[in-house]
Amino acid sequence: MNINENYTKLEESYLFSTVAKKVSEFAEKNPDKKIIKLGIGDVTLPLCSVVVDALHKAVDEMGVQATFRGYGPEQGYDFLREAVKNYYKTHNVELDMDEIFISDGAKSDLGNILDLFAGDNTVLVPDPVYPVYVDTNVMAGRKVIFANANQDNEFLPLPDESQKADIIYICSPNNPTGAVYNKEQLKKWVDYAKSMNAIILFDAAYECFISDDSLPKSIFEIEGAKDCAIEFCSLSKTAGFTGTRCGYTVVPKALGKLNKFWLRRQTTKFNGVPYIVQRGAAAVFSEEGQKEIKENINYYKENARVISDTLTKCGIWHVGGKHSPYIWLKCPNNMTSWDFFDYLLENIQVVGTPGAGFGKNGEGYFRLTSFGSKENTQEAMQRFEMLFGTK
Ligand code: PLP
């Protein structure tokens, strides 16, 4: 027996454990101080009422012989795939039902899709990056190269023809930076991928935060993308499904074998998302569901606006926050990410995430999120203004 030694090449991530340790040590020493956490990457608002009703109804169905369901289709029930298909139509993307695969969330599919690609492919990921893209490929022994995101390109790197890649990850709206590609920029990636005969793995987990119709919510809004892209989406941030678990992956038939291979992979290694959860997910796409989730998204977006406006007032450079729950800021006075973390904790008891934890280009930057409560976000930003002054 030989172990997959690639696992030894994974970098340990101490990011969130170090944040938690520093916060709890500070809280112990300063029990009278109120700490506000703006580092949260999880939603905080509950499921909306139409989803809860649909879940209840589905539970009742499961308790009655006539409506009980056992194993379902591995690629998801038609009622949910139909709802996803109709959702795509709202941003002018036509999909066939057999291009849509219901998943238990974007993270698993982002990792699992790699079953379809050979081990000697070169992988291009942005830096800073959602660590899953890197780690899943390191586990498989693939070579990973980086597209530099930085202040000069507003954290939206464009293709560099001198970099040869087979698998390209794009996340827009981006985690951790909150930056969003426009159609012209995505077209450049599509053209580059086609010229390289590469595949784009497009992570659209935050598409619901886009409120400007001219910005693409799906890569398939870009001409030619169906020939070179797979898209991953999730109800986690869209509808508070981080604990309920449901998402969807679109593998266009224009990709040839990949669509069939993915079906084969899923029917072999996956037994589908629970019927109850899929009923809850379908309710998200109902008219009432869309109305209710938009209220929650707008709540987070308003928090993001408050954060972004405050940073602007304080003269702190940042991106994101407009079509994203994430705000990515340049640490003032050239502080390192961790120095800035300590400085905020010591002085105003606001917690965020040091950018250095997302890659080398994250050093000197810091991520704040809008998933906290309105009251806490406002209070945190008043403290920011006091500490940094307005310019
Ligand atoms: N993709 C990105 C960029 C994320 O930030 C996250 C979660 O934070 C995911 C995917 C995972 O989403 P899911 O909960 O659907 O697995």
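Only this structure's heavy atoms are used, side chains among them; waters, hydrogens and symmetry mates stay out. We count ligands from 1, going down the list as the structure has it; atoms in each ligand are counted the same way.
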Gly105 heavy atoms within 4.0 Å reach ligand 1 at atoms 15 (O), 16 (O)
At under 4.0 Å between heavy atoms, what of Cys171 touches ligand 1? The answer is side chain
Looking only at protein heavy atoms, what sits closest to atom 14 (O) of ligand 1 is Ser236 OG, 2.5 Å
CG of Asn197: more than 12 outside heavy atoms within 6.0 angstrom? no
Query raised in the report: Are any of the N/O atoms in Thr242 less than 3.5 Å from those in ligand 1?
Result: no
Given the options Lys374, Lys37, Lys34, Glu379 meets salt bridge (Lys or Arg N to Asp or Glu O under 4.0 Å) only with Lys34
The closest protein heavy-atom partner of atom 3 (C) of ligand 1 is Asp203 OD2, 3.2 Å
If we number the atoms of ligand 1 from 1 as shown, the ones under 4.0 Å from a heavy atom of Asn175 are 3 (C), 4 (C), 5 (O)
- Should Asp115 and Arg265 count as an ion pair when the cut-off is N to O under 4.0 Å? yes
Proximity of Tyr206 and Tyr326 rings by center, below 6.0 Å | yes
Atom 11 (C) of ligand 1 has as its nearest protein heavy atom Tyr130 OH, 3.4 Å
Measuring centre to centre across the rings, with the benzene-like ring taken for any Trp, is Tyr365 within less than 6.0 Å of Phe155? yes
At under 4.0 Å between heavy atoms, what of Tyr206 touches ligand 1? The answer is side chain
N/O separation below 3.5 Å, Lys107 to ligand 1 = yes
Of all protein heavy atoms, the one nearest atom 7 (C) of ligand 1 is Lys237 NZ, 3.4 Å
Residue, atom and distance of the protein heavy atom nearest atom 15 (O) of ligand 1 read Ser234 OG, 2.6 Å
Do the ring centers of Tyr275 and Tyr77 come within less than 6.0 Å of each other? yes
d(Cys228 SG, Trp189 CH2) to nearest 0.5 Å is 12.0 Å
